[in-house]
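To start, the structure itself, in structure tokens.
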Amino acid sequence: MSQIETRLAELGVTLPDAPAPAANYVPYVVSGNLVYVSGQVSQENGALVTGKLGQDMDVARGAEAARACAISLLAQLKAATGGDIDRLTRVVKLTGFVNSTPDFGDQPKVINGASDFLVEALGDKGRHARSAVSAASLPFGVAVEIEAIFEIA
């Protein structure tokens, strides 16, 4: 087991198989030493996590949904590295989209669910630049979608 997967196991996380794309795109692109991972929607145990922040979902549950997105991002990274996720040198950037009402303003707190998890799991390699923005709706009614850029060796 890789060092990263060992740390994930200590946190009670096993990486799932990388989710398949939902439309006409690829799940990731490797360009040089960067891996661009397409947006991963919130899902847990094979079921979509749906809801709208500020309407029928609170910040804590939204942060859990963002954490689930981060796990899917790492699953895609593992696939992109041919299974050798320890090639990761750092998380470069996350862009998080939060399905929220027009007056909801805690998008950063929601996306912290992913950011905090990546730092907990990866240490300094998990520290990253980030954007957290509102969306009027997201595919399939999911609560959160996050895309990422990773640097690999």
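For this chain, numbers begin at 1 and follow the sequence in order.
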inquiry  = If you define the side chain from C-beta out and look only at heavy atoms, does anything of Leu53 sit under 4.5 Å from Thr101?
reply    = no
ask   = Same cluster or not: are Val142 and Phe117 linked, directly or through other Ile, Leu, Val, Met, Phe, Trp or Tyr residues, by side-chain heavy atoms under 4.5 angstrom apart?
value = no
ask   = Heavy atoms, side chains only, cut-off 4.5 Å: are Leu8 and Thr14 in contact?
value = no
Between Thr89 and Glu151, a side-chain donor and acceptor under 3.5 Å = yes
key: Considering all heavy atoms, the nearest Val35-Ala80 contact   = CG1-CB, 3.7 Å
key: Nearest heavy-atom neighbours spanning Pro16 and Ala75   = O-CB, 3.4 Å
request  = Give every residue pair that meets the salt bridge (charged side-chain N to carboxylate O under 4.0 Å, His left out) criterion with at least one member in residues 7-30, sequence neighbours excluded.
outcome  = Arg7-Glu10
request  = Output all residues satisfying side chain to side chain contact (heavy atoms under 4.5 Å, CB included) with Arg61, sequence neighbours left out; order by chain, then residue number.
outcome  = Glu44, Val49, Met57, Asp58, Glu64
remark   = Scanning both residues in full, the closest heavy-atom pair of Ala143 with Ser42 reads N-OG, 3.4 Å
request  = Report the C-alpha distance between Val91 and Leu122 in whole Å, list the side-chain angles of each, state the deciding distance to 0.1 Å, and finish with yes or no for side-chain contact (heavy atoms from CB on, under 4.5 Å).
outcome  = CA-CA 9 Å; Val91 180; Leu122 305 171; 3.8 Å; yes
request  = Indicate whether any N or O donor in one side chain lies under 3.5 Å from an N or O acceptor in the other, for Thr95 and Arg130.
outcome  = no
task = Not counting sequence neighbours, which residues clear side chain to side chain contact (heavy atoms under 4.5 Å, CB included) with Ala135? List them please.
result = Leu138
note = When rounded to the nearest 0.5 Å, the distance separating OG of Ser137 from CZ of Phe97 is 12.5 Å
ask   = Pro139 versus Glu145: any side-chain heavy-atom pair under 4.5 Å?
value = yes
query = Would Ile4 and Val30 show up in the same hydrophobic cluster when neighbours are defined by side-chain heavy atoms closer than 4.5 Å?
reply = yes
ask   = Can you tell if the side chain of Val13 reaches within under 4.5 Å of the side chain of Arg67, non-hydrogen atoms only?
value = yes
request  = Side-chain contact test, heavy atoms from C-beta onward, threshold under 4.5 Å: evaluate it for Val98 versus Ser134 and give yes or no.
outcome  = no
query = side-chain contact (heavy atoms from CB on, under 4.5 Å) between Leu74 and Leu118: does it pass, once the steps are laid out?
reply = CA-CA 9 Å; Leu74 292 178; Leu118 290 171; 4.0 Å; yes
OG-NZ distance between Ser100 and Lys52, expressed to the nearest 0.5 angstrom = 6.5 Å
query = What's the verdict on side-chain contact (heavy atoms from CB on, under 4.5 Å) for Ile146 and Gln40, showing C-alpha distance, side-chain angles and the deciding distance?
reply = CA-CA 5 Å; Ile146 303 175; Gln40 300 296 296; 5.8 Å; no
query = Between Ala79 and Ala18, which heavy-atom pair has the shortest distance, and what is it?
reply = CB-CB, 4.0 Å
ask   = Is Leu77 reachable from Ile71 through a run of hydrophobic residues whose side-chain heavy atoms are each under 4.5 Å from the next?
value = yes
query = Just checking, is any N or O donor in the side chain of Ser38 or Glu147 under 3.5 Å from an acceptor N or O on the other one?
reply = no
inquiry  = Would a single hydrophobic cluster contain both Leu11 and Ile85, if residues Ile, Leu, Val, Met, Phe, Trp and Tyr are joined by side-chain heavy-atom contacts under 4.5 Å?
reply    = yes
message = Other members of the hydrophobic cluster containing Tyr36, with the 4.5 Å side-chain heavy-atom rule, please.
response = Leu34, Val92, Ile149
inquiry  = Through direct or indirect side-chain contacts below 4.5 angstrom among Ile, Leu, Val, Met, Phe, Trp and Tyr, which residues connect to Val29?
reply    = Val26
request  = May I ask you to test the Phe150-Val37 pair for a side-chain heavy-atom distance under 4.5 Å?
outcome  = yes
inquiry  = On a heavy-atom basis, which atom in Ala132 and which in Ile111 lie closest, and how many Å separate them?
reply    = CB-CG1, 3.7 Å
request  = Using the salt bridge (charged side-chain N to carboxylate O under 4.0 Å, His left out) rule, collect all pairs that involve residues 85-94, keeping only residues at least two apart or in two chains.
outcome  = none
query = Linking I/L/V/M/F/W/Y whenever their side-chain heavy atoms sit closer than 4.5 Å, directly or via other members, would Val110 and Leu94 fall into one cluster?
reply = yes
inquiry  = Any non-hydrogen side-chain atom of Val41 less than 4.5 Å from a side-chain atom of Leu48?
reply    = yes
task = In sequence, state the C-alpha distance, the side-chain angles, and the governing distance for Lys78 and Glu5, and then conclude on salt bridge (Lys or Arg N to Asp or Glu O under 4.0 Å).
result = CA-CA 10 Å; Lys78 182 178 177 182; Glu5 288 176 293; 2.6 Å; yes
